[in-house]
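I have placed the structure first, in the form of structure tokens, so that the comments after it can refer back to it.
First listed ligand is number 1; within each ligand, the first listed atom is number 1. All figures in this text were calculated on a predicted structure; none of them were measured in a lab.
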Amino acid sequence: MTRLCVLGPSGRMGRAVIEAAKGLTITGAVDRGDADGLGREVAPGVRATTDIGTALDACDVYIDFTTPASTRGAAIAATPRRRAAVIGTTGLSAGDDEAIAALTQVAPVVVAANYSVGVNLLLGLVKQAARALPDWDAEVVETHHKMKRDAPSGTALAIARSIAAGRGADYDAVKRHTRDGDIGPRPAGEIGVSTVRGGDVVGEHVAYFFGAAERIEIAHRATSRAIFAAGAVRAAAWVVGKPPGRYDMLDVLGFTP
Ligand code: NAD
């Protein structure tokens, strides 16, 4: 049975992963020094610690939904151990991505901004729509709970990048993440991303395509973190034994957008 280490076991997603990990054996759990759940038993005989080296030595794969700094540190610790990984943390910097890239040289790693089946299908749908409607104005609106730290959400960025890919556009050249003041007419080809924060919203994303006198809306609404946790656990079972490299959830699901 696949041996799993869970990072951030006291976090919202860490708790959901532990709940979802029925088919795997949890052999380790690593949290930060001041986390509420440190020392808590997360599985029979397994307590949350800060000792990432020992926890990585004892597992086949780790699941990481924590913070960018923690994700970077874990990737650095996992590289000499050639440990497989499933990474869900969002808001990663170029430096964090570099640490993950080093790990992908020696181990198989799944990285996805969203582990739900529905959002991964949606990535394909928006790409198709963007390809078919090159002149329509594309906008993405994301809504999340008030504790979320990064903006726009990693999922909104993945959706916006899929729209750009469908049009053969360079996303960085056409993106618009904020609007304020006298912004003038909307440039053709721009892809807008807007952020809404409040309450306990698990995650909502709507891709709009505005034509003349008509519009299409492609939406996904998550009502439970269990969908992300189930996807991450599925990815962990899938990734062990794969050749070193970077994979995404489309690879795990076998979808071709
Ligand atoms: P959270 O704040 O509830 O939990 C974060 C956890 O990380 C906490 O337990 C914290 O103690 C732990 N942590 C911080 N530093 C650490 C360290 N150095 N070592 C070990 N653990 C450490 O956050 P959350 O809502 O669970 O979200 C976590 C991340 O997952 C965010 O980046 C969020 O955007 C992302 N997320 C991704 C998906 C997806 O499908 N990819 C879905 C939901 C959330």
Side-chain angles (χ1 to χ4, degrees), residues 5-20 28-40 42 47-56 59 62-78 85-93 96-97 99-100 109-123 142-159 161 195 197 199-205 220-236 239 246-253:
C5 172
V6 180
L7 305 191
S10 56
R12 283 175 287 266
M13 277 306 302
R15 290 195 304 265
V17 167
I18 290 166
E19 193 64 32
V30 182
D31 222 322
R32 59 170 211 274
D34 59 350
D36 290 347
L38 212 60
R40 182 170 67 96
V42 300
R47 293 186 185 280
T49 73
T50 56
D51 183 358
I52 190 157
T54 302
L56 289 179
C59 72
Y62 70 93
I63 295 181
D64 182 349
F65 288 90
T66 58
T67 63
S70 158
T71 293
R72 183 182 194 152
I76 290 168
V86 171
I87 298 174
T89 309
T90 58
L92 300 172
S93 68
D96 305 330
D97 278 332
I100 293 170
V109 181
V110 183
V111 185
N114 195 301
Y115 279 91
S116 88
V117 172
V119 159
N120 282 282
L121 178 65
L122 183 143
L123 291 177
E142 59 104 340
T143 307
H144 282 87
H145 58 91
K146 61 187 172 190
M147 303 305 287
K148 184 167 177 62
R149 300 174 69 122
D150 55 312
S153 72
T155 302
L157 295 175
I159 293 169
R161 286 186 185 281
T195 296
R197 290 284 176 270
D200 58 357
V201 179
V202 172
E204 299 190 359
H205 295 86
H220 180 270
R221 294 186 174 83
T223 54
S224 166
R225 286 180 182 82
I227 57 171
F228 311 127
V233 168
R234 180 169 170 175
V239 78
R246 179 174 171 134
Y247 301 90
D248 61 24
M249 197 54 189
L250 296 172
D251 297 315
V252 176
L253 295 169

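In the displayed structure, D51 atom CG is contacted under 6.0 Å by more than 12 heavy atoms of other residues, nucleotides or ligands. Residue-environment remark: CG (D34) exceeds the threshold of 12 foreign heavy atoms within 6.0 Å.
Residue R12 has at least one N or O atom closer than 3.5 Å to an N or O atom of ligand 1. The N/O atoms of T90, backbone and side chain alike, include one that comes under 3.5 Å of an N/O atom in ligand 1. By the 3.5 Å distance cut-off applied to N or O atoms, P9 is not counted among the residues near ligand 1. At under 3.5 Å, a nitrogen or oxygen of G11, whether backbone or side chain, sits near a nitrogen or oxygen of ligand 1. Among the atoms of M13, some N or O lies under 3.5 angstrom from an N or O of ligand 1.
If you look at S153 next to ligand 1, there are no close heavy atoms at all, none under 4.0 Å. If you look at R149 next to ligand 1, there are no close heavy atoms at all, none under 4.0 Å.
In this structure, T89 is part of the shell of residues with a heavy atom less than 4.0 angstrom from ligand 1. Within the 4.0 Å heavy-atom shell around ligand 1 one finds S10. Residue M147 places no heavy atom under 4.0 Å from ligand 1. Within the structure, ligand 1 has A113 among the residues with a heavy atom less than 4.0 angstrom away.
Nearest-heavy-atom check against atom 11 (O) of ligand 1 across D31, T155, V202 picks out D31.
Pairing each heavy atom of P9 with each of A48, the nearest pair is CG-CB, 3.9 Å. Taking all atoms of both residues into account, the shortest heavy-atom contact from A156 to E142 is CB-CG, 3.8 Å. Across every non-hydrogen atom of V109 and I100, the tightest pair is CG1-CG2, 4.4 Å. When all heavy atoms are compared, the tightest approach of R246 to V111 is NH2-CG1, 3.5 Å. In terms of heavy atoms, H144 sits closest to S153 at CE1-CB, 3.5 Å. Nearest heavy atom pair, residue I76 against residue A99, reads CG1-CB, 4.0 Å.
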Which pairs would a plain distance check flag for residues 224-236, meaning a side-chain donor or acceptor within less than 3.5 Å of a matching protein atom at least two apart in sequence or in another chain?
from: S224; atom 1: OG; to: A226; atom 2: N; distance (Å): 3.0

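Looking from atom 29 (C) of ligand 1 to the surrounding protein, the closest heavy atom is T66 O, 3.3 Å. Considering only non-hydrogen protein atoms, atom 10 (C) of ligand 1 sits nearest to R32 NH1, 3.1 Å. Protein heavy atom in closest approach to atom 30 (O) of ligand 1: F65 CD2, 3.6 Å. Here the protein heavy atom with the shortest distance to atom 18 (N) of ligand 1 is S70 CB, 3.5 Å. Nearest protein heavy-atom contact of atom 37 (C) of ligand 1 is G88 O, 3.0 Å. Nearest protein neighbour of atom 40 (O) of ligand 1, counting heavy atoms only, is Y115 N, 2.9 Å.
Within the listing of ligand 1, atoms 34 (O) sit less than 4.0 angstrom from a heavy atom of K148. Close contacts of ligand 1 with D150, meaning ligand atoms under 4.0 Å from a residue heavy atom, involve 34 (O).
For the side-chain hydrogen bond (donor to acceptor under 3.5 Å, both in side chains) test with N114, the passing option among T155, T90, N120, D248 is T155; the others fail.
Without hydrogens or angle criteria, T89 side chain to P68 main chain gives no donor-acceptor distance under 3.5 Å.
Residues T71 and D96 have side chains that never bring a donor and an acceptor to within less than 3.5 angstrom of each other.
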